[in-house]
Each structure stands twice: as structure tokens, then as C-alpha cells.
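Step one of this worksheet: look at the structure below.
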Protein chains: 2
Amino acid sequence: MNKDPLKHDTAEPCLDARIRTKNEWDALTPAEIGLFNRNVVCRTYDAGRVIFGQGDQCRGLYIVERGLVAVRKVDENGLSAIVRLAHQGDTLGYRPLLAKENHRATAEVIKDSRICFADAPIMHRLLLSNPQLGMRFLEHTAQALGEAEERLFQVAALSVRTRIIHILILLRSHYGKTTSDGTLYLDMPMSWRDLADMIGARPESVSRTLRDIKDDGLINLNGRKVRIDRVDRLVDELHHSVHH
Amino acid sequence: MNKDPLKHDTAEPCLDARIRTKNEWDALTPAEIGLFNRNVVCRTYDAGRVIFGQGDQCRGLYIVERGLVAVRKVDENGLSAIVRLAHQGDTLGYRPLLAKENHRATAEVIKDSRICFADAPIMHRLLLSNPQLGMRFLEHTAQALGEAEERLFQVAALSVRTRIIHILILLRSHYGKTTSDGTLYLDMPMSWRDLADMIGARPESVSRTLRDIKDDGLINLNGRKVRIDRVDRLVDELHHSVHH
DNA sequence: CGCCAGGTTGATTTCGCTCAAGCAATGTGG
DNA sequence: CCACATTGCTTGAGCGAAATCAACCTGGCG
């Protein structure tokens, strides 16, 4: 626990933790890791904080060491949508850095997080000195593009109910625990309001639809804790699911 | 004009045309351009042809030398959505190639096109020999990700009417001509049915909504030709637009 | 304590989908 | 050259999912 959420803390080398989780960074040589660690700045953020804002210039790259961050888009009419979540080990701000654009979205902390920042000059230096790193990012970005297109398809074609079920299944890997008897316990990290923003729906619709799913006996609700006795029945519904 | 749409035609060096249009390929050295041109295979495709299909293994990269290609996703329930358009100079299939996945979508020709194919081994050889090329692709992919997230937001939050207006404005750069008196002439390249698939709506809804917009005096329709006397009024509506 | 944000619920409306029919343009085979 | 499918588009009627508007409840917090 860090008492002061604003205190920089460069003593702890971020990449040591990261490197274990097999992502783009393991392309770096020991010397590059040293360079990285000397220049990276880490701090903790409380839930609700904003890491960078839509329209801001992109100053560098953020790595989520722990916690959860939502990437949100808001338009001039106040319409809001969460386009991506960043979990432990995920990188934030690489899209505008690589596309040489300003931030097109706001990154806001959902669960208290520890975030490492690497500024743009360092990143460009590393990318130049180690093409492998670029290839890793390329692969990663290409996968992210695939996921974005997948979600595009889903939001365009599927009902709120189906989209909620999708999210539940999706968050299983990060926030779910399956007991020996096959029961799945999901501890949802975000508010229902944010869930609504993730699937492009109103909070009221999410509330009602969750109740419907519960009434159908597919899930049990207790605050943000979801118990799913028969995951297979949920998955079934996805495959037989209907239009809007 | 090419009489035989199936005839391969490697004599014409594809990259010469491409290199002029300032894209990722201008990172290549003359020697690499030679290597590329010796290995690339070009042919023409009539409208309606499929270049590659959803689920297919990714064999390489396609470059649209001229024409128009739609990237379409179809799910098991027959729901269909166009997730991207590829215009002249755009590259197809780079996402699965770089993400090392199979094709997640079908590429179908909308307007008669000439497409150049570079197989995966060549691409990997070029990417290895010239890291700059990878950086260009990285930049490009990051931009594509930004656009996908933008569209994600729109489909999640905006009405069919607003989405149609968005597309009209978007296609302005490729298919629009503005006369001296400020009137915009848009020659829509795809059927209304395909437009519906692009915005996640039914053809009937598109038809009705286009009529509504016409009745409001914002556009004039004549087949696939759209005349917009006051572009600013269309743009205005985007900024005051309402939810779903 | 009062305040407020998050959440629930109800009543009502509306947007967009479904189903169905019809029409014009294009193509095809006899 | 006509009869006929076929395809893209339009329009109408009806319906249903989800949004809107509004009230109210809850727990956390200054």
C-alpha cells in the first residue's frame, strides 16, 4: 500500500514485474531494461483519477502494473462509451504514440492502480535500437484491432442481454474463480453504470436486463458479485442468441 | 482495362504506382522494391468477387491498387457487418498476418479492383530486413485501431440517422466533389444494403432514414448520387445529435 | 444529519427491426 | 424479343427492445 498517491517511486524497477508476464517487453536486452528502468516513472492512482484526457498531447506510454483502467470516449453531446479496459500488464497510450496523434480518449482509473510511465523520447529510442520491440507492439496492436472489430460487430448486431452475457464471459479470465463443483464466482470490478458504458446501453437497461437474467436462473447477484452455477447455459445462449 | 479478370499480370510493377501515394512502402530501398516487385502477383477482380474468406489461413498481404474492397464479418446466425473499407493504396490482410491469426473476416470486391498480392514469407523477409517498414505498419495499424474505436463509439452511442450522416461526411474525401458554389456531390460507391451493413442497421431503416434526411432538406438523392447543398447544416446536426 | 452518486423500478415513448408487399432495373433463357 | 427470375430499393403495418422520464431507495461521507 502506498499512502501518498502522488508520490513518485522510481526505486522499484517496474519492468522486473512486467517482464515476468510475457508481453512485448521481453524483447528488450538487459542493457535496454536498465535504460528503461532508469527512465520510467511509477506512481499509484486512486480509483476515479484520470491518467490522461481526450485531446491531450501524447507524452508517452503507461503500463498498468496493477489495478484497472478504463479508456473512455466522450462526445460533445455528453454521450460516453468505454472502448477498452486495461488490466495488469496492459499498455496504455501506445495507440496515439505510434499513430503520432493526440489522445482520442480519456484513461480513468477504475480500481486503485500502480502505473508506470515511459516518456515518448525513451520509447522511440528503444523502438529504434530494438526492432524486435516494434514487431511485438505491431503484433499486439494488430490483435487489439481484431478485438475492436469484433466488439464493433457485437454492438452493432447483438441485444443488450447478449452483450451483457458476453462481458460476463469475457471478464471470467480476469475476475472469475471457478470452484471444484464448477460454480463460477465473478467479482465485477466496475459499477453497473460503467458496464452500461462498455456495452453501449443505459444503466436502467443494464439493471433490468441483469434482473431478467437472474430471474431466468442463469446468474445470482449479490452487489457486484455474480455467481454462475451453470456457465455452459450462459455460453449456450450466446450461440443461439438473436438480433437486436 | 483488363479483359480477363483472372489473368495474372506480374509484368506491371505494382509498387511503382503504390510508392507514389506515400504509404508504408516508401520505407523500402530500391533493392527491396525490386525483391518485392519480383514476387508480387497482381490481378484484377470484378465487383462481387471474394479475395479471402473468414476463417481462411492468411497467406499474405493484399494491396488495393485501384478499386474498392469491403471487409465483412458474418456470424453463425447470418448477421453481417462491414467493419472496414479498403480504398486505393490501402493494404488488406495485414492484421491477421501481423497478429499471426487466421482471417477473421471476408474481403469482397465492391468496385472492380486491381489487387496485388505479396505472400507471407516475402513480407516477413522484408520486415526483418527493414525495420522501418515495420514501424510504418505499426503507425498504420495504430491509426486503424483509432478508427475502429471511433466507429465502436458511434455504433454504441449514436442513432442510425447520425451514423448515416457520419458516413456521408466520411466518404466525402474519397467520393465527393465540391463545386465552386459550395455544393457537395457525393457518388456513393456501395449499395444502400452495404451501407446498412457498415453502420449496423437494416436496409429498410437506411432507406427510411435517407428519405427522412431528404425530406428535411439536408440532402438530395438520385440513385446513389447524393447532392448536399449545405454541408454545414449536416455537420451541425452531428454536433447536436442525440442518443440512440 | 443532509447530501449525493449509484442503483432499482415503473410508466411511457420511440426508434429501429420484422414481416410483407410491390416496383423498377437488369439479366437470362426459350 | 418476350416471359420470367433476380436483385436492390421502397413503403406500410405492427411490434418489441431499449431509451426516456421520473420517483424512490440505499449506503457512504462530509
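A, B, ... follow the sequence lines: proteins, then strands. Residue 1 opens every chain.
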Expressed as a whole number of angstroms, how long is the span from A:Arg161:CZ to D:dA18:P? 10 Å

Name the orientation class of the two ring planes belonging to A:Tyr175 and A:His87 (parallel below 30°, tilted from 30 to 60°, perpendicular beyond 60°). tilted

Tell me whether the OP1 or OP2 atom of C:dC17 has a side-chain N or O from B:Ser205 closer than 4.0 Å. yes

To the nearest 0.5 Å, what is the distance between CG (A:Asn102) and CD (A:Gln57)? 6.5 Å

Kindly indicate whether the side chain of A:Arg208 and the base of D:dT20 share any N or O donor-acceptor pair separated by less than 3.5 Å? yes

Rounding to an integer number of Å, can you tell me how far A:Asp46 CG sits from D:dC29 P? 13 Å

Which pairs, with at least one residue in residues 217-235 of chain A and sequence neighbours excluded, count as a side-chain hydrogen bond (donor to acceptor under 3.5 Å, both in side chains)? A:Asp187-A:Lys225, A:Arg227-A:Asp229, A:Arg230-A:Asp232

With nearest nucleotides of DNA chain C determined for A:Arg224 and B:Val206 from heavy-atom distances, which residue corresponds to the more 5′ nucleotide? A:Arg224

Interatomic distance, A:Arg193 CZ vs C:dC4 P [rounded to whole Å]: 16 Å

Separation of A:Arg211 atom CZ from C:dG7 atom P, in whole Å? 16 Å

Just do the side-chain contact (heavy atoms from CB on, under 4.5 Å) check on A:Arg72 and A:Asp194 with the steps written out, would you? CA-CA 10 Å; A:Arg72 181 190 298 273; A:Asp194 284 341; 2.9 Å; yes

With salt bridge (Lys or Arg N to Asp or Glu O under 4.0 Å) as the test, would you mind laying out the steps for A:Asp216 and A:Arg161 before giving the verdict? CA-CA 12 Å; A:Asp216 290 348; A:Arg161 174 166 175 138; 2.8 Å; yes

Phosphate OP1/OP2 of D:dT10: any B:Ser207 side-chain N/O under 4.0 Å: yes

Send over the distance from B:Asp197 CG to D:dG8 C1', rounded to a whole Å. 13 Å

Between the two end axes of the helix from C:dC1-D:dG30 to C:dG30-D:dC1, each built from 5 base pairs, what angle do you get to the nearest 10°? 30°

Interatomic distance, B:Arg202 CZ vs D:dT11 C1' [rounded to whole Å]: 17 Å

Rounded to whole Å, the CG-P distance (B:Asn222 to D:dC9) equals 14 Å

Taking atom P of D:dC25 as reference, at what distance in whole Å does atom CD of A:Glu204 sit? 17 Å

Taking side-chain contact (heavy atoms from CB on, under 4.5 Å) as the definition, give me every residue that meets it alongside B:Thr179, ordered by chain and number, with sequence neighbours left out. B:Asp181, B:Thr183, B:Tyr185

Test the B:Arg43-B:Tyr45 pair against the cation-pi criterion, namely NZ or CZ under 6.0 angstrom from the six-membered ring centroid and within 45° of the ring axis. yes

